[in-house]
There are 4 protein chains.
Amino acid sequence: MTDETVSTWPPRRARTKGDKRYALIYETAARLFHEKGYEATTLDDLASEVGLRKGSLYHYIDSKEDLLFRIVDHTHRFFLEVVAQVVDAARSPLDEIFAIAAAHSRFAVENFYITSAFYSDRAALSADRRRAISRTRDAYEAKVRDLIREGQGRGEIADDLDPTLAARGLLGMLNSIQQRHRLSKEMTPDAVAEEYSRLCVRALRP
Amino acid sequence: MTDETVSTWPPRRARTKGDKRYALIYETAARLFHEKGYEATTLDDLASEVGLRKGSLYHYIDSKEDLLFRIVDHTHRFFLEVVAQVVDAARSPLDEIFAIAAAHSRFAVENFYITSAFYSDRAALSADRRRAISRTRDAYEAKVRDLIREGQGRGEIADDLDPTLAARGLLGMLNSIQQRHRLSKEMTPDAVAEEYSRLCVRALRP
Amino acid sequence: MTDETVSTWPPRRARTKGDKRYALIYETAARLFHEKGYEATTLDDLASEVGLRKGSLYHYIDSKEDLLFRIVDHTHRFFLEVVAQVVDAARSPLDEIFAIAAAHSRFAVENFYITSAFYSDRAALSADRRRAISRTRDAYEAKVRDLIREGQGRGEIADDLDPTLAARGLLGMLNSIQQRHRLSKEMTPDAVAEEYSRLCVRALRP
Amino acid sequence: MTDETVSTWPPRRARTKGDKRYALIYETAARLFHEKGYEATTLDDLASEVGLRKGSLYHYIDSKEDLLFRIVDHTHRFFLEVVAQVVDAARSPLDEIFAIAAAHSRFAVENFYITSAFYSDRAALSADRRRAISRTRDAYEAKVRDLIREGQGRGEIADDLDPTLAARGLLGMLNSIQQRHRLSKEMTPDAVAEEYSRLCVRALRP
DNA sequence: GATGAATGAGGTTTCATTCAT
DNA sequence: GATGAATGAAACCTCATTCAT
């Protein structure tokens with residue numbers, strides 16, 4: 001669980017030639033969890049979509065919960081990376097928020113299946129894992145909140161906003177993307193990213 | 001399913017007089033669905049929280065799915081009513097959006113359990129019922145989209161926004177409220193409503 | 001359970017003014033058992049057909065099984081009476097068989113609901129009661145078998161028939177009546193009785 | 001449901017090779033349905049008789065009702081085949097009836113468990129399946145009725161019999177066989193078949 | 001690696017029966 | 001006499017998981 005890098009999807013296990021099927025299983029699982037919910041998705045559903053029998057899945061996964069965790073965890077790590085990258089002192093807080101919103105949106109459109117699981121099926125995770133996910137979410141939210149505060153200090157962001165509420169509002173908006181938008185000709189990642197980050201920064205301006 | 005009024009919760013069964021247990025069951029169910037998800041909530045959980053045995057629940061519900069539907073349907077009807085009420089020619093489109101956002105937010109904070117089920121467990125509903133819910137959501141979204149277009153026509157709302165994307169963004173934000181906010185001394189319905197409707201209208205301004 | 005007379009239906013309990021409803025319950029139960037089977041008939045079904053709620057039935061019955069037993073037991077006693085009445089030394093064995101077959105047929109057409117339960121839902125009865133029913137059936141069969149043997153002795157009945165098999169065959173035929181025939185203008189008890197007793201005696205002739 | 005042949009029992013599933021347990025399940029189910037009735041037989045009963053746990057049965061069956069249907073359907077198909085085979089222009093109608101009765105009887109004695117379910121637990125089947133079974137029974141009855149009519153035309157069968165009633169009477173007799181007779185040293189299929197077909201043709205003769 | 005068989009725990013639902021009102 | 005509420009046992013069925021082959 002510690003050897004995956006954020007930039008590969010699905011998270012790698014051993015480097016075997018079964019990697020292609022391995023990827024297929026994780027992608028299909030993410031889609032099914034998105035479509036039917038984690039609890040309502042059976043391993044039989046998953047197995048038959050990837051052309052295996054139920055029992056054979058256990059060559060690729062440890063458990064159903066572990067499958068969910070790996071998917072969630074991947075999104076998780078990606079968001080951490082995003083935040084890390086935009087911490088760039090050269091930019092203003094509002095610019096950072098714009099950059100975060102754009103990266104978040106783009107990722108959500110491109111990976112809407114896996115993003116979808118991020119906030120919806122936490123209940124199925126073990127208490128430990130759930131706590132881990134919550135910690136990341138809180139850190140993410142805290143980062144945005146701090147940027148808002150900083151922006152208020154600099155007069156870039158309206159004074160009358162409550163930083164906590166505003167941060168949650170913006171992230172709530174960004175986290176709804178994968179519910180409604182998916183890749184299509186009109187709905188390019190860039191178009192969506194542009195629109196949502198615009199909404200975010202305008203909402204904050206004095 | 002057609003005789004409930006929006007203003008009573010939980011939806012009343014015709015023949016039942018002031019049935020406290022009936023109300024308790026629906027409220028507890030809404031809370032449990034919120035906390036653990038619909039699939040992960042068992043009727044045993046529900047029964048023991050309301051002080052009954054599993055079998056006894058069936059005096060009050062038809063099925064687990066029906067229980068979910070009644071909860072979702074109630075939110076459903078409330079949102080329709082909200083939209084109906086703000087159709088007030090005297091106001092400008094932006095004012096209407098503000099009014100919708102405020103009413104939506106206030107309801108979400110006051111009824112976060114039942115609102116929570118609205119967008120999260122649709123998958124568990126029968127195809128028919130799911131379609132019914134989707135239709136309402138689409139109508140709601142359409143209303144907001146039209147107001148945005150109208151506001152753009154009047155120059156009240158920024159021209160460079162895509163009305164569809166913007167409408168979804170705002171509603172996505174509003175629908176995230178119950179995930180993060182619940183009633184407390186600092187988190188009054190009014191405070192949240194004020195903040196979120198402010199974010200909404202500011203996000204749209206030219 | 002011992003105070004009922006064969007000639008009244010339904011079996012009487014206390015002589016109260018609720019007797020009409022009492023009768024209705026037993027008749028309706030017999031019909032439902034016939035239509036859906038004993039196990040598949042619920043007391044809710046029965047209650048709603050007689051215009052009561054489930055709990056109220058218990059003013060009229062002791063238990064569901066008891067209800068079945070009373071119905072079966074009544075048929076039971078009737079057949080015993082039939083056999084007793086035709087034991088008339090003046091007649092020949094074949095005439096007695098004719099008389100039994102005619103009485104049996106007529107009863108089956110007139111009371112097809114209650115007759116139907118006789119042979120079909122024995123499994124639901126307690127071991128004791130099941131044994132009691134079997135004993136009567138065996139006595140009934142023995143009577144017919146003996147008449148066949150006697151008829152063979154007198155040359156009235158074909159020698160090459162096995163009395164046991166033949167008796168079972170005839171009774172099997174008679175017991176199938178209520179499965180296929182019910183009262184109608186063409187299907188009068190007399191017409192059916194005539195036909196079936198004719199088949200019985202002809203089947204036996206040398 | 002369409003690939004089974006009449007000559008194999010239990011109905012084979014396409015992919016299964018010589019599966020002894022599969023056969024055992026169907027045979028045991030037929031016996032239990034015969035002994036206790038369909039509704040009163042639980043899958044726990046069945047599972048423990050075949051040495052499995054309840055859940056494991058579902059590798060072999062789709063549902064309890066499906067299990068019943070397959071058993072009933074098999075008898076069903078057998079009777080159709082019997083009727084088809086005796087359609088032999090060379091024989092007289094009475095000979096055909098004799099042949100049908102003999103084949104029916106022999107099958108009933110040899111397969112009394114599965115035959116037993118044929119006419120007793122129809123109520124448990126879905127409306128569609130029940131209708132299918134009734135259609136076959138009616139066709140079977142119609143065949144016998146027509147043979148009786150034809151025989152009357154030729155003077156082989158008594159004129160005063162009603163073909164419908166007589167056909168039902170004979171089939172009622174044949175369908176009672178498995179209630180009372182099962183394989184034993186004295187009760188060979190041939191002895192029973194001989195006796196019952198004799199009763200049938202004698203009952204009809206002028 | 002793949003599978004069919006088996007499991008066992010647990011889920012929703014039904015229903016005969018009891019009882020206070 | 002009638003009922004609504006409650007019960008608890010048991011029913012059918014599902015499914016994640018294990019394992020021998």
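Values below: every heavy atom of this structure, side chains too, minus hydrogens, waters and symmetry copies. If you're wondering where the values come from, they're calculated on a predicted model, not measured in any experiment.
- Distance CG (D:Asp45) to P (F:dC13): 14 Å, rounded to an integer number of Å.
- C:Leu67 places its CG atom 16 Å from the P atom of E:dC15, with the value rounded to the nearest Å.
- Evaluation of the side-chain hydrogen bond (donor to acceptor under 3.5 Å, both in side chains) rule for A:Asp44 yields no partner, not counting sequence neighbours.
- Shown here are the side-chain contact (heavy atoms from CB on, under 4.5 Å) partners of B:Ala132, two or more places apart in sequence or in another chain: B:Arg135.
- One interatomic measurement links the two molecules: NE2 of D:His59 to P of F:dA20, which rounds to 16 Å at whole-angstrom precision.
- Listed by chain and residue number, D:Asp128 satisfy the side-chain hydrogen bond (donor to acceptor under 3.5 Å, both in side chains) test with D:Arg131 (two or more places apart in sequence, or in another chain).
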* **Bracket notation of DNA chain E in which parentheses pair within the strand, [ ] cross earlier pairs, and | pairs with another strand (Watson-Crick or G-U, under 3.5 Å)** => .||||||||||||||||||||
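- Straight-line distance from the CG atom of B:Leu52 to the C1' atom of F:dG4: 13 Å, rounded to whole Å.
- In terms of phosphate contacts, A:Tyr60 brings a side-chain nitrogen or oxygen within less than 4.0 Å of OP1 or OP2 of E:dA2.
- Among residues two or more places apart in sequence or in another chain, the side-chain contact (heavy atoms from CB on, under 4.5 Å) test is passed with A:Glu65 by A:Tyr38, A:Ser63, A:Leu125, A:Ser126, A:Arg129.
- Here D:Ser56 pairs with D:Leu52, D:Arg53 under the side-chain contact (heavy atoms from CB on, under 4.5 Å) rule; sequence neighbours left out.
- Whole-Å rounding puts the A:Tyr22 OH to E:dG1 P distance at 12 Å.
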At a cut-off of 3.5 Å, list every protein nitrogen or oxygen paired with a nitrogen or oxygen from nucleotides 15-19 of chain F, distance to 0.1 Å.
unit_1: F:dA16; atom_1: OP1; unit_2: A:Lys64; atom_2: NZ; d: 3.3
unit_1: F:dA16; atom_1: OP2; unit_2: A:Leu43; atom_2: N; d: 2.8
unit_1: F:dT17; atom_1: OP2; unit_2: A:Tyr58; atom_2: OH; d: 2.7
unit_1: F:dT17; atom_1: OP2; unit_2: A:Lys64; atom_2: N; d: 2.8
unit_1: F:dT17; atom_1: O5'; unit_2: A:Tyr58; atom_2: OH; d: 3.1

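- As rounded to whole Å, 13 Å separates atom P of E:dT12 from atom CG of B:Leu68.
- For D:Arg53 and E:dG8, the shortest distance from a side-chain N or O to OP1 or OP2 is below 4.0 Å.
- Distance check, rounded to the nearest 0.5 Å: CD of B:Glu27 to CZ of B:Arg31 gives 10.0 Å.
- Residues passing the side-chain hydrogen bond (donor to acceptor under 3.5 Å, both in side chains) test with C:Ser48, sequence neighbours excluded: none.
- Atom OG1 of D:Thr28 is separated from atom CG of D:Leu32 by 6.5 Å, given to the nearest 0.5 angstrom.
- Not a single side-chain hydrogen bond (donor to acceptor under 3.5 Å, both in side chains) links A:Ser134 to another residue, sequence neighbours left out.
- Atom CG of B:Leu57 is separated from atom P of F:dG4 by 19 Å (rounded to the nearest Å).
- For the pair A:Arg21 CZ and E:dT3 C1', the computed distance is 12 Å after rounding to whole Å.
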